[in-house]
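Here the structure comes first, spelled out in structure tokens, and everything after it is commentary.
Hydrogens, waters and symmetry mates play no part in the numbers below; they use all other heavy atoms, side chains included. Remember, it's a predicted structure, so these values are computed and weren't measured experimentally.
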Amino acid sequence: MKNQKTWVAVILLGAVAVNAGAYLMVRSRKAARSEPVAARPPEPTPAVAPPQTVASVAPPKEDSNAGLVRALRASGLAALEDRDYERAVAQFTEALKLSPDDKDSDLTRLLGIATDLRAREQSKSAQAPTPREPAHTRAPPRTRAAKLAAARAAREQQATAASAQEDAKGGLLLVTSTPPGLVVMVDGRAVDLTPARLPVSAGAHRVVLAQGDRRLYEETVEVDEDSVRSLNRDLTAEVSPPAQKPAAAPVAAVAPPPAADGAAASPRGPEPSKPPEPSVARAAVAQRGDLEVTSPGLYGEVWINGRPYGFPPISAQALPSGPAKVEVRVNGEVKRRMTVEVEPGRSTRVRVK
């Protein structure tokens, strides 16, 4: 009995000792884990660079080039009016170097006109009358082929002399405008778009610059024999934006018809009236549509149903619904022709290739 009590006491003491050791071990591990976390220094915050101000950004180069191109174009036009074709060619060439990708510019055509006029002046100054060979020194043609060749040469010489005399009687009319692409009418007939180089007869001519059906400028120009007359006008303020669609007319309320004689009034009150019919103005607008034309691969004037609308991209508004004939003309010659269906109340886009 005594031995039994001793073993029970030993077992209880051993269990207490084991539990105490396990408790001390767990506590020491928790203390070891918490010590480096508490002793860890705070991480330094990264320095934030100050934001750049908008004033430090350099302006785009395209804006300065565009202003210089406009100045060179104006200087070239002034040189054309002064008949200084050498300076005009230099100004237009420099402007084209600054804007080689500008497909909508008229600088290429202006440079071609200035080059032609310079060559014309140089040929006139270099041309001198050649002395004819005396008739007695020429050997008369003996064969039939030689006689035919001599007759042909004589006819060509007479035709050349006649054409030179005809050219000497006339002159050249150079018409430019800002913006370009306006219709040039000479003596009531549309002949070209600005910039235009027009051979005309000597005398007075009525020149009109128009946009569609609107006459923006008119002037009577006197052209001398074998001379060049320049006409340059800035019509930026007169060129109007695209016409907007007309507003629909208000629809008047329709009054209910009067009741028949002797008919009793309905106890339920007036019946709801039907929605009114659209007016004539709204019906006319509903039967029209818009047409937007772009031509990235061909630069020419756009004509729709026989009327000029300028150079692409253009927006022709309030066209009659149905098939519309679209043409792209370069120097008066039709290069592209197509038929497009204009849908009422919608805008149709056309891309000319």
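Under 4.0 Å is where a charged nitrogen must lie from a carboxylate oxygen, and between Arg83 and Glu121 no such pair does. Taking a cutoff of 4.0 Å between a charged side-chain nitrogen and a carboxylate oxygen, Arg329 and Asp192 do not qualify as a salt bridge. Using a cut-off of 4.0 Å between Lys/Arg side-chain N and Asp/Glu carboxylate O, Glu86 and Arg118 are scored as salt-bridged.
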Do Ser347 and Glu292 pass the side chain to side chain donor-acceptor pair (under 3.5 Å) test, and can you show the C-alpha distance, the side-chain angles, and the key distance before you say yes or no?
CA-CA 7 Å; Ser347 179; Glu292 298 180 4; 3.3 Å; yes
Between Thr178 and Arg73, does a side chain to side chain contact (heavy atoms under 4.5 Å, CB included) hold up when you go through it step by step?
CA-CA 10 Å; Thr178 304; Arg73 178 181 181 273; 3.0 Å; yes
I would like to know whether Leu110 and Leu77 meet side chain to side chain contact (heavy atoms under 4.5 Å, CB included); could you show each step before the answer?
CA-CA 9 Å; Leu110 286 173; Leu77 291 176; 4.1 Å; yes
Please lay out, stage by stage, how Leu107 and Val69 fare under the test side chain to side chain contact (heavy atoms under 4.5 Å, CB included).
CA-CA 9 Å; Leu107 292 173; Val69 167; 3.9 Å; yes
Could you walk me through whether Leu117 and Leu80 pass the side chain to side chain contact (heavy atoms under 4.5 Å, CB included) test, one step at a time?
CA-CA 9 Å; Leu117 292 174; Leu80 285 178; 4.3 Å; yes
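Leu209 and Val239 fall within a single hydrophobic cluster, where Ile, Leu, Val, Met, Phe, Trp and Tyr are joined by side-chain heavy atoms under 4.5 Å apart, directly or via other members. Hydrophobic clustering places Val330 together with Val352 (ILVMFWY residues linked when any side-chain heavy atoms are closer than 4.5 Å, directly or through intermediates). When the side chains of ILVMFWY residues are joined at heavy-atom separations under 4.5 Å, either directly or via intervening members, Val293 and Trp303 end up in two distinct hydrophobic clusters. Val334 and Val183 fall into different hydrophobic clusters, where Ile, Leu, Val, Met, Phe, Trp and Tyr residues are linked whenever their side-chain heavy atoms come under 4.5 Å apart, directly or through other members.
Here the closest heavy-atom approach between residue Arg87 and residue Ala78 is recorded as NH2-C, 4.4 Å. In terms of heavy-atom proximity, Val184 sits nearest to Ala196 at CG2-CB, 4.3 Å. Scanning all heavy atoms of the two residues, the minimum distance from Gly76 to Phe92 falls at C-CZ, 3.5 Å. The two residues Gly171 and Val223 make their nearest non-hydrogen contact at CA-CG1, 4.0 Å. When all heavy atoms of Pro296 and Arg351 are compared, the pair lying nearest together is CG-NH2, 3.4 Å. Of all the heavy atoms in Glu341 and Pro323, the pair that sits closest is OE1-N, 3.6 Å.
A donor-acceptor contact shorter than 3.5 Å is absent between the side chain of Thr194 and the backbone of Val175. The backbone N or O of Pro195 lies less than 3.5 Å from a partner atom in the side chain of Arg109, making a donor-acceptor pair. The main-chain N or O of Asp224 is never found under 3.5 Å from a side-chain atom of Arg229 such that the two would form a donor-acceptor pair. Without hydrogens or angle criteria, Ser75 side chain to Ala71 main chain gives no donor-acceptor distance under 3.5 Å.
Shown here are the side-chain hydrogen bond (donor to acceptor under 3.5 Å, both in side chains) partners of Ser295, two or more places apart in sequence or in another chain: there are none.
Counting heavy atoms from C-beta on, the side chains of Val200 and Val221 never come closer than 4.5 Å. Here the side chains of Arg288 and Pro320 are in contact, with some heavy-atom distance below 4.5 Å.
For the atom pair His205 NE2 and Thr220 OG1, the distance stands at 10.5 Å (nearest 0.5 Å). With rounding to the nearest 0.5 Å, the separation of CD in Glu301 from CG in Leu193 is 4.0 Å. Separating the OH atom in Tyr309 from the CG atom in Leu291 is a distance of 9.0 Å, to the nearest 0.5 Å. Of the inter-residue distances, the one linking Arg120 atom CZ with Leu172 atom CG reads 4.5 Å to the nearest 0.5 angstrom. Once rounded to the nearest 0.5 Å, the distance linking CG of Leu231 with CG of Leu174 reads 8.5 Å. With rounding to the nearest 0.5 angstrom, the CZ atom of Arg233 is 13.0 Å from the CG atom of Leu216.
Within 6.0 Å of CZ in Arg206 there are more than 12 heavy atoms belonging to other residues, nucleotides or ligands.
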